[in-house]
S.K.: 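First the structure, then my questions, so here it is.
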Amino acid sequence: MSTLTLVIVAVFIFGYLCIALETLTRVNKAAVALLMLVACWTLYMFDPGNFPGLTSADAVASAAGGVIERHLGGTATTLFFLMGAMTIVETVDQNGGFNFVRGLLRTRSKRGLLWRITVMTFFLSAILDNMTTAVVMVMILRKLIDDRKDRLVYASLVIIAANSGGAFSPIGDVTTIMLWNKGLITAANVIKELLVPSLVSVIVPAYLLSLSLKGDVAATIDRGDLATADSGLTAGQRKAVFWVGVGGLVFVPVFKSITHLPPFVGILLVLGALWLVTELFYRGAPEGDGGGTLKRVSHIISRVDMSTILFFLGILMAVACLQEVGVLAAVGEGLDVAFDGNHYLVTSIIGVLSSIVDNVPLVAGCMGMYPMAEVGDMARDGVFWQLLAYCAGVGGSMLIIGSAAGVVVMGLEKITFGWYMRRITWVAFLGYVAGILVYWVEKSVIGL
C-alpha cells in the first residue's frame, strides 16, 4: 500500500470523524463530505501507482477522469433515484394522498403507534426499497407526532425496520439486488431463510424502544387535511395521486425486471406520470393560487433538500475512492485470514463495517473476492451469501450514516450522529446479533 493511499485513508477517517462530531464542530456534514470527496480523489490523481505505464500528464489525467466518471455514473443513479423518490412522496403527501394511510396508523397509544409503524415499515420496505420506505414513513410521522423528542424515536425505528425489511427481500435493498442479479442468492430461498432473522432484528429494538414511550399521543392538528382542503382536489383525485405515486413506486422493480434499465429510470417514469396527472388536476387553477401552485411538482421539486443530496454525493464518491485503491478489498481479505474462514464471523464484521461505510462497495468487494463455489457455504444460497445479504442490510442500522435510509431520515428529521449513537446504536446492535443467532439456529439446529 503506497504512502498516498495511506494518506487517502487518513483523510477519509478524519472526514468521517468530523461528520460524526457535527454537533460539536457546528460544520454542516455536506461541506465536510464534499471536501473529503475532493481531497481523496486529488490524492488518487497524484499517486503514480494507480496509473502503471502512463508517463505523460495528459494520459494520467485522461485515465483518472475515466475512473472518476465511472464511479460518478453509479453514484448519480442513486442520487437521481433519491431526488425522484423524495419528490414523489412529498407530492403525494402535499396533495393528501396519505390521508387514509395515516388513518390506518392513527392511535392514541404511543406504544401501539410504534408497533404499527414498525410492521408497516418492515413489510413496505420489502416491496419498495428501504430508502423510499423511510421517506414515506417519515412524511407520515410528521402528520401524526408533533413532539419532536418522541418523533426522533419513531424515526430511528423507521431506519431499523426499513433496513431489516429490505434484507430478506431480493428487491428490498441495493445489496440484495446485487447478489440476486449475480445469481448468488435466489428469491425464494432468501425470503424463506432470512424472513425470521430479519423480523427478530427489528422486534428486539422495537420492544426496547417501546419501554421509553409511555402514555398517549398528544392531540395534533391534522395539517395534511387542512392543507389539502385548500388544494381544490376531490377525495377521488387525492386517491388517484396516491395510487399513481405509491403504486408507481411499487411498479419500479417490475419495470426494472422487464426493461433491465436501472431503477432510477423507473423512478423518473413515475415522477413524470405523477407530474402529468397533477398538472391536469390543477390546469384550471388560476395563476398565483396558493393551494394549486404550491402543490404542483414544479414547486415541490424546488424544495428538495440539496444539502442531503450533496452529502450523499460526497460520502459515496469518497468511499468509491477507497474501493478504487483497493482498501476495501484488503480489509475483506484481512478479515478472512484473521477469522480463518469462519463465515459467521466474517460476515458479522462486514455488517459492522457497513454501518461505517456504504454497504454497496463492501458487498461488491466481497463478490469480487469470494467467487461462488459449486457446493458448501460459498455455493448459491450458501451461508456466506445469505448472511452477507442479512449483515450488509441490517448492519447499516447501527449508525445513522450506515444506510441510505439512515442518511435520508438524518436529513429530513435533522437527527444528529451523536444522539443516534447514544440512544439507538446499542439497541440496533442487539437486534443485529439476535438475528444472526436465529439464522444459526435455522441452519445448524433446524437444518433449513
Side-chain angles (χ1 to χ4, degrees), residues 89 98 101-102 104-169 172-173 197-218 351 355 390 393-435:
V89 172
F98 289 126
V101 178
R102 292 201 301 273
L104 295 175
L105 291 174
R106 188 176 287 116
T107 176
R108 295 293 296 167
S109 169
K110 289 184 178 180
R111 291 182 178 177
L113 177 61
L114 179 139
W115 287 107
R116 292 186 186 191
I117 290 290
T118 299
V119 172
M120 179 166 285
T121 303
F122 181 84
F123 287 104
L124 190 61
S125 180
I127 300 172
L128 307 177
D129 67 283
N130 50 13
M131 182 171 61
T132 302
T133 302
V135 175
V136 170
M137 298 310 296
V138 167
M139 293 298 184
I140 293 176
L141 279 176
R142 286 181 173 180
K143 305 298 182 182
L144 297 176
I145 305 293
D146 276 340
D147 186 276
R148 174 167 169 76
K149 181 180 177 181
D150 286 344
R151 196 166 70 240
L152 292 185
V153 174
Y154 289 114
S156 299
L157 190 57
V158 163
I159 297 172
I160 297 173
N163 288 333
S164 295
F168 82 91
S169 167
D173 188 86
S198 296
L199 266 174
V200 170
S201 73
V202 72
I203 289 174
V204 171
Y207 172 74
L208 293 173
L209 289 176
S210 70
L211 300 179
S212 65
L213 298 173
K214 298 179 180 179
D216 295 333
V217 178
S355 70
Y390 170 87
V394 177
S397 300
M398 285 185 276
L399 293 178
I400 196 167
I401 65 173
S403 66
V407 171
V408 169
V409 175
M410 184 183 192
L412 292 175
E413 286 297 323
K414 310 302 178 188
I415 301 176
T416 64
F417 181 95
W419 182 91
Y420 189 93
M421 191 170 186
R422 291 192 306 271
R423 297 287 304 274
I424 308 299
T425 294
W426 68 276
V427 296
F429 176 74
L430 290 178
Y432 173 73
V433 173

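Quick note: numbers below take in every heavy atom, side chains included, and nothing from hydrogens, waters or symmetry partners.
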S.K.: Ignoring hydrogens, what is the shortest heavy-atom contact between V158 and A134? Give both atom names and the distance.
M.R.: CG1-CA, 3.9 Å
S.K.: I need the minimum non-hydrogen distance between V427 and P205, along with the two atoms involved.
M.R.: O-CG, 3.4 Å
S.K.: Does the pair V433 and V204 meet the rule for a side-chain contact (heavy atoms from CB on, under 4.5 Å), with working shown?
M.R.: CA-CA 10 Å; V433 173; V204 171; over 6 Å; no
S.K.: Distance check, rounded to the nearest 0.5 Å: D146 atom CG versus L141 atom CG?
M.R.: 11.5 Å
S.K.: Please report the closest heavy-atom contact between L211 and R111, naming both atoms and the distance.
M.R.: O-NH2, 3.6 Å
S.K.: Considering only heavy atoms from C-beta outward, does the side chain of I400 approach that of I159 to under 4.5 Å?
M.R.: yes
S.K.: How far does OG1 of T425 sit from CG of L430, to the nearest 0.5 angstrom?
M.R.: 11.0 Å
S.K.: Would you give the length of the straight line joining atom OG of S169 to atom CZ of F123, rounded to the nearest 0.5 angstrom?
M.R.: 11.5 Å
S.K.: Can you spot which of I145, D147, T121 makes a side-chain contact (heavy atoms from CB on, under 4.5 Å) with Y154?
M.R.: I145
S.K.: Within the distance-only criterion (no hydrogens, no angle test), does the side chain of Y390 pair as donor or acceptor with the backbone N or O of Y432 below 3.5 angstrom?
M.R.: yes
S.K.: Among all residues two or more places apart in sequence or in another chain, which pass the salt bridge (Lys or Arg N to Asp or Glu O under 4.0 Å) test with R148?
M.R.: E413
S.K.: If you round to the nearest 0.5 Å, how far is CZ of R142 from CG of L144?
M.R.: 12.5 Å
S.K.: Closest approach of I160 and A428, non-hydrogen atoms and distance?
M.R.: CD1-CB, 4.1 Å
S.K.: Testing the basics here: between F168 and S198, what is the closest heavy-atom pair and its distance to 0.1 Å?
M.R.: CB-OG, 3.6 Å
S.K.: Rounded to the nearest 0.5 Å, what separates atom CH2 in W426 from atom CZ in F429?
M.R.: 12.5 Å
S.K.: Kindly compute the distance separating CE (M120) from CH2 (W115), expressed to the nearest 0.5 Å.
M.R.: 15.5 Å
S.K.: Mind listing the closest non-hydrogen atom pair of W419 and I415 along with its distance?
M.R.: CE3-CG2, 3.7 Å
S.K.: Exactly one of S355, S125, S397 should register a side chain to side chain donor-acceptor pair (under 3.5 Å) with N163. Which one does?
M.R.: S397
